[in-house]
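Treat the numbers as computed from the prediction; the structure is a model and nothing was measured.
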Amino acid sequence: MNAGPIVVLSVINSAASRILAAIVTALTAFAIIFSLWHFWSFSSGTFLSDFRAFYCAGHLAREGIDPYRQEPLYGCEATAPSNLLWRATGQVTDPAPLPPYALAIFVPIALLPISVAAVVWTIILACAWILVAVACRTLTKHSWLICFASIAFAAMMSLSLGQISPLAIAAVCCAALALTNGREGWAGVFAALAMIEPHVALPVCIALFVGVPRSRIGLGIVAAGLLALTLAFGMGRNLEYLLQVLPTHEISDVADVGQYSTTVLAHVVGFSDNIAARAGTVWYALLAALGIVTAFALRARTGNRAVVALIPMAFAVFGGPYVHWQQVVGAIPAALLLYRLSSSRSKIVAAAVVSLAIPWLYVVGWAPLIPGATAIAALLIWALFKPTIYVQAVATATILLALTFATLALPHGHSTAAFIAPVKPSDLADLSWGAYVRARIPIGHDTFFWLHFPTWAGLLAVVSTAIRIGARPPNPKQVKSRQSV
């Protein structure tokens, strides 16, 4: 048989495959760059709104002024240091509902001019996301492509808003790394530092304190430092935060379309604000406890120590009283780890990674994000599911068409008049935010409400898979073989 034609066909097929791969890579890169460019252009003038609140609160706290009141917090946020950075309008204040010890980290940052501080804070957040990617790579052995693609949107959006959640997520990931390397004391330090966002990190700290005795020294040292910062602000300020700011902020955000909490779900069903808020709090307590128990069961079942940090964080962001998408992505490291720990490389967990990596709500709301979201989802599907080229094409086209049709289905009404919050200067800043939420970004019952469900489904898949794996009887051979995972 003449081998010449076979060799020629093989060369042609190989060349065609390389050409196809190059075309797909170019299109993917173009789609992501297109979305990034339009996102930053769209956000120009609204950058770092959350950071602006923290910066102003840190400045006021340094001067001994109450950072939780409408004034002078609004006055600080309303100044315009540049055309790029966000500034408050219409008496709507972006509140800074962090405990005094967390606001303390912004006191030295507030010594810098706002433009310089914005650059410094952006660099800090970028480093935090790099840490998360490195931790995911080290703990789960996934490729860099998967680790970076799964958090790309979270990084982009949190950087644009200047949010604090990346620091908490990165600190918990560092705690997981420390546990894996037998550095339990350092694990306690990192977990306690994650308390900069308490509702994300509290179950992690409890899990370490109960289940990793040698972490207690690190937990105690950082806790002592946080207590000192707390006392430095005075008991009055701390009581104000616990008794007034927390409850008011929880109520102010009950109807927020950007929430993924049990609170907002109870609101949609029709419960009163107070009952909805309590539902979120009770759900959070139950899931936090369940997450801690599940983490211990997983450690016994698999021999993996990182689960003691990552699993409680994943459970904490599933329906708590104040959870936005930027906190939800704290479940991604746990999802990636569970994919490795599941004996059959669970397709359900792989789908959960995809569903958590894309902010479906925001992508549909900002149409230029659709190409980038489709590209990242396609990358994750290709890397995690390894489908045939035809299945990949169908999956990619389905995502693109679904997002496009959802965007087209949104109502496109006329612009409304500028909103002005009816608040007094002495009111808590959360009241002006709550008025704005109800007037301009309520969750409602339409497309935006239903777009929460892919994310909720992803969280449910992570939680249920962790419980299922942890409920199995320990396998000594698997425990021994996975000690290094």
Side-chain angles (χ1 to χ4, degrees), residues 31-43 46-50 125 128-129 132-133 146-166 168-169 200 253 256-261 264-265 314 317-320 322-336 351-381 396 398-400 402-407 409-410 437 441 443-444 446-462:
I32 294 172
I33 292 171
F34 173 86
S35 289
L36 280 173
W37 175 259
H38 280 272
F39 176 77
W40 293 108
S41 299
F42 174 82
S43 299
T46 63
F47 283 137
L48 301 179
S49 57
D50 285 356
L125 295 186
W129 282 118
V132 173
I146 292 175
C147 293
F148 275 107
S150 62
I151 63 171
F153 257 105
M156 179 179 71
M157 296 191 68
S158 65
L159 286 174
S160 72
L161 295 171
Q163 293 178 325
I164 204 167
S165 53
I169 296 170
V200 172
D253 217 48
D256 190 347
V257 69
Q259 271 225 60
Y260 288 84
S261 65
V264 78
L265 187 58
V317 299
F318 183 27
Y322 185 72
V323 175
H324 291 73
W325 185 75
Q326 289 78 11
Q327 285 91 33
V328 165
V329 295
I332 289 178
L336 293 174
V353 173
V354 178
S355 67
L356 294 174
I358 306 300
W360 310 99
L361 172 71
Y362 299 101
V363 170
V364 170
W366 295 332
L369 294 179
I370 291 176
T374 304
I376 288 175
L379 283 174
L380 289 172
I381 290 170
T396 302
T398 300
I399 292 172
L400 176 61
L403 291 174
T404 302
F405 286 140
T407 299
L410 293 178
V437 164
I441 53 172
I443 186 169
D446 57 11
T447 302
F448 281 131
F449 168 67
W450 295 104
L451 286 168
H452 287 69
F453 280 84
T455 302
W456 277 328
L459 289 169
L460 178 60
V462 172

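Interatomic distance, OH of Y362 versus CD of Q326, reported as 5.0 Å (0.5 Å rounding). Here CZ of F405 is found 13.5 Å from CG of L410. Values are rounded to the nearest 0.5 Å. Between the CG atom in L379 and the OG1 atom in T374 there is a gap of 11.0 Å [rounded to 0.5 Å]. A distance of 7.5 Å separates OG of S49 from CD of Q163, quoted to the nearest 0.5 Å. Taking CG from L356 and CH2 from W325, the interatomic distance works out to 9.0 Å, rounded to the nearest 0.5 Å. Residue L336 holds its CG atom at 7.5 Å from CD1 of I146, rounded to the nearest 0.5 Å.
Partners of A373 by side chain to side chain contact (heavy atoms under 4.5 Å, CB included), not counting sequence neighbours, listed by chain and number: F153, I358, V363, L403. In this structure Y322 satisfies the side-chain hydrogen bond (donor to acceptor under 3.5 Å, both in side chains) test together with H249, sequence neighbours excluded. Residues that satisfy the side-chain hydrogen bond (donor to acceptor under 3.5 Å, both in side chains) test with H452, not counting sequence neighbours, are absent from this structure. Qualifying side chain to side chain contact (heavy atoms under 4.5 Å, CB included) partners for F449, counting only residues two or more places apart in sequence or in other chains: L265, V268, I443, F453, W456. The side chain to side chain contact (heavy atoms under 4.5 Å, CB included) test applied to T398 returns V394, not counting sequence neighbours. Every residue meeting the side chain to side chain contact (heavy atoms under 4.5 Å, CB included) condition with A351, not counting sequence neighbours, appears here in chain and number order: F385.
Within the 4.5 Å cutoff, the side chain of D256 has no heavy atoms near those of the V264 side chain. Inter-residue side-chain proximity for L361 and Y260 is flagged as met; some heavy-atom pair is nearer than 4.5 Å. Between V329 and I151 there is no side-chain heavy-atom pair separated by less than 4.5 Å.
S160 contributes no side-chain N or O that, together with a main-chain N or O of F47, makes up a donor-acceptor pair within less than 3.5 Å. Panel note: side chain Q259, backbone H324; no donor-acceptor pair is recorded below 3.5 Å.
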Verdict with reasoning, L161 to L48, per side-chain contact (heavy atoms from CB on, under 4.5 Å): CA-CA 4 Å; L161 295 171; L48 301 179; over 6 Å; no
side-chain contact (heavy atoms from CB on, under 4.5 Å) between W129 and I169: does it pass, once the steps are laid out? CA-CA 9 Å; W129 282 118; I169 296 170; 4.3 Å; yes
Go through it in stages, so that I can follow the logic: the residues are I164 and D50, the test is side-chain contact (heavy atoms from CB on, under 4.5 Å), and I'd like the CA-CA distance, side-chain angles, deciding distance and then a yes or no. CA-CA 8 Å; I164 204 167; D50 285 356; over 6 Å; no
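Between V257 and F448, the shortest heavy-atom contact is CG2-CB, 3.7 Å. Among all heavy-atom pairs drawn from L380 and A357, the shortest one is CD1-CB, 3.6 Å. Between A352 and V462, the shortest heavy-atom distance links the atoms CB-CG2, 4.0 Å. Contact record, S355 with G458: OG-CA, 3.1 Å, taken as the closest heavy-atom pair. The minimum heavy-atom distance between A133 and C147, with the atom names listed, is O-CB, 3.9 Å. The minimum heavy-atom distance between L459 and F318, with the atom names listed, is CB-CD1, 3.5 Å.
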